[in-house]
Number of protein chains: 2
Amino acid sequence: MSGQMLRLSPAACTCFRLRSAARRVTAIYGRHLAPTGLKISQFSLLGFIAAEGPVSIGRLAELVATDRTTLTRNLRPLLNDGLVEPAASGDRRRREFAATAAGRSLFKRALPLWADAEQEVRDAMGPKITADLHGALDRSMERLADL
Amino acid sequence: MSGQMLRLSPAACTCFRLRSAARRVTAIYGRHLAPTGLKISQFSLLGFIAAEGPVSIGRLAELVATDRTTLTRNLRPLLNDGLVEPAASGDRRRREFAATAAGRSLFKRALPLWADAEQEVRDAMGPKITADLHGALDRSMERLADL
DNA sequence: AGCCGGAATGTGTATATGCACATAATATAC
DNA sequence: GTATATTATGTGCATATACACATTCCGGCT
């Protein structure tokens with residue numbers, strides 16, 4: 001009985017735990033990245049765009065596992081701040097984007113701060129739990145890929 | 001060199017992976033809960049309120065590990081839909097909330113759908129990876145509790 | 001009684017997230 | 001070569017998230 005109750009308790013929910021963990025870790029990274037003016041989501045997005053070269057919204061959506069329409073809006077702050085700019089595209093349906101020089105420069109300045117955040121989390125959790133978490137997340141995402 | 005590049009690649013970020021996983025799993029739960037009109041975050045919040053009885057914003061913020069001010073707004077839809085209502089409070093600074101009969105009823109109807117989502121994720125990941133993920137998340141959250 | 005520090009909460013602003021729906025442009029079938 | 005299916009994207013709406021700042025109230029001190 002109590003086992004059943006425990007499994008049904010809201011806090012036992014896989015989704016709830018993942019979301020809680022994401023919120024908490026997001027806050028930690030946010031503190032480190034604050035001097036750059038970048039949120040962690042913007043940092044990730046900028047990094048992918050810089051690494052991929054000119055890239056379309058749809059391709060980005062695959063890369064970052066985010067809804068296409070979310071990216072349309074997440075790009076706005078980066079465009080407004082001149083970190084990303086539209087790039088030429090052969091297909092007029094497709095809009096492509098690339099990092100500007102300012103964008104690449106800011107990303108490079110943000111990298112060590114991101115590494116500090118990564119290290120703070122690793123220090124708090126210890127190498128074993130960190131590795132376990134990464135492994136569990138990776139294998140989970142593989143299995144959930146086509147749902 | 002390539003190892004260094006890999007570690008610095010945006011996709012290797014703990015925060016990015018957690019957020020991606022949370023998005024993906026959120027979508028799965030959302031599909032199951034859609035017939036109830038509840039988002040997974042609303043389902044969790046309603047569950048906590050129903051389980052705790054009259055509870056303040058501040059207490060809820062601790063329970064669900066969410067910023068206090070976020071909860072102020074997350075409560076709105078639940079209040080508007082008559083699932084949660086204000087409750088008396090001895091301290092006029094504190095606003096307390098409790099689930100209504102409709103709220104408890106809807107939560108009970110949503111529970112099996114939530115269980116279906118939980119099961120779908122478990123089936124996709126398998127019992128071992130599921131247990132590993134839960135364990136890694138639990139231990140991570142413990143270690144990150146006071147950061 | 002009156003002041004005052006701390007506690008509990010709300011608001012303004014900005015971003016993140018995704019579904020349903022609409023639009024534009026390319027590719028394909030005939 | 002046009003009608004149509006498909007592809008790529010944007011928009012309206014609603015919610016989720018949290019920081020900085022403002023407000024209101026309680027409790028203790030004088």
Side-chain angles (χ1 to χ4, degrees), chain A residues 15-16 18-46 54-62 64-81 83 86-87 89-97, chain B residues 15-16 18-46 54-62 64-81 83 86-87 89-97:
Chain A
C15 190
F16 173 77
L18 266 173
R19 291 173 65 89
S20 295
R23 279 194 300 269
R24 182 152 316 204
V25 172
T26 294
I28 295 171
Y29 282 68
R31 285 201 292 273
H32 285 275
L33 287 177
T36 68
L38 290 172
K39 312 273 183 179
I40 178 61
S41 49
Q42 298 172 338
F43 171 80
S44 299
L45 196 50
L46 182 55
V55 63
S56 69
I57 297 266
R59 171 98 178 102
L60 267 180
E62 292 173 15
V64 303
T66 296
D67 189 90
R68 184 179 62 70
T69 66
T70 296
L71 290 183
T72 295
R73 317 196 204 226
N74 288 2
L75 276 173
R76 292 278 165 77
L78 300 179
L79 288 165
N80 290 338
D81 293 348
L83 306 172
S89 158
D91 187 333
R92 264 190 302 179
R93 285 172 302 183
R94 200 162 47 227
R95 290 180 62 200
E96 304 229 328
F97 298 95
Chain B
C15 190
F16 173 77
L18 266 174
R19 292 173 65 89
S20 295
R23 280 194 300 269
R24 183 153 314 206
V25 173
T26 295
I28 295 171
Y29 282 68
R31 284 201 292 273
H32 285 275
L33 287 176
T36 68
L38 291 171
K39 313 271 185 182
I40 178 62
S41 49
Q42 299 172 339
F43 171 80
S44 299
L45 196 51
L46 182 55
V55 62
S56 69
I57 296 267
R59 171 98 180 102
L60 268 181
E62 293 173 13
V64 303
T66 297
D67 189 271
R68 184 181 60 69
T69 66
T70 297
L71 290 182
T72 295
R73 315 193 205 229
N74 288 1
L75 275 174
R76 292 278 166 79
L78 300 180
L79 289 165
N80 290 339
D81 293 347
L83 306 172
S89 158
D91 188 333
R92 260 189 305 177
R93 285 171 301 184
R94 199 162 48 226
R95 291 179 62 201
E96 305 228 328
F97 298 94

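Letters A, B, ... mirror the listed sequences (proteins, then strands); counts begin at 1.
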Of all the nucleotides listed (C:dT9, D:dA16, D:dA8), which has the minimum atom distance to the side chain of B:K39? D:dA16
Please round to the nearest 0.5 Å and tell me the distance separating atom CD1 of A:I28 and atom CD1 of A:I40. 11.5 Å
Test your reading of the model: is there a side-chain donor-acceptor pair from B:S89 to the backbone of B:R94, 3.5 Å cut-off? yes
Do A:R73 and D:dG12 share a donor-acceptor pair, side chain to base, under 3.5 Å? yes
Nearest-nucleotide comparison on DNA chain C, the residue closer to the 5′ end among B:R59 and A:P77: B:R59
Rounded to whole Å, how long is the line connecting atom CD1 of B:I28 with atom P of C:dC19? 12 Å
Please state whether the base of D:dT9 and the side chain of A:R93 form at least one donor-acceptor pair under 3.5 Å? no
In terms of side-chain heavy atoms of B:D91, which of C:dG10, D:dC26, D:dT11 is nearest? D:dC26
If you measure from CD1 on B:I57 to OG1 on B:T66, what distance do you get to the nearest 0.5 Å? 11.5 Å
Tell me the interatomic distance from B:R31, atom CZ, to C:dG18, atom C1', rounded to whole angstroms. 12 Å
Output the rounded distance in Å from CD1 (A:I57) to C1' (C:dT17). 14 Å
Which residue, A:R23 or A:F97, contacts DNA chain D at a nucleotide closer to its 5' end, judged by nearest heavy atom? A:F97
What is the distance from CZ of B:R19 to P of C:dG18, rounded to the nearest Å? 10 Å
To the nearest 0.5 angstrom, please state how far the CD atom of B:Q42 sits from the OG1 atom of B:T36. 8.5 Å
What I want to check is whether an N or O donor and acceptor connect the side chain of A:R68 with the base of C:dG18 at under 3.5 Å. no
B:L46 CG to D:dT15 C1': how many Å, rounded? 16 Å
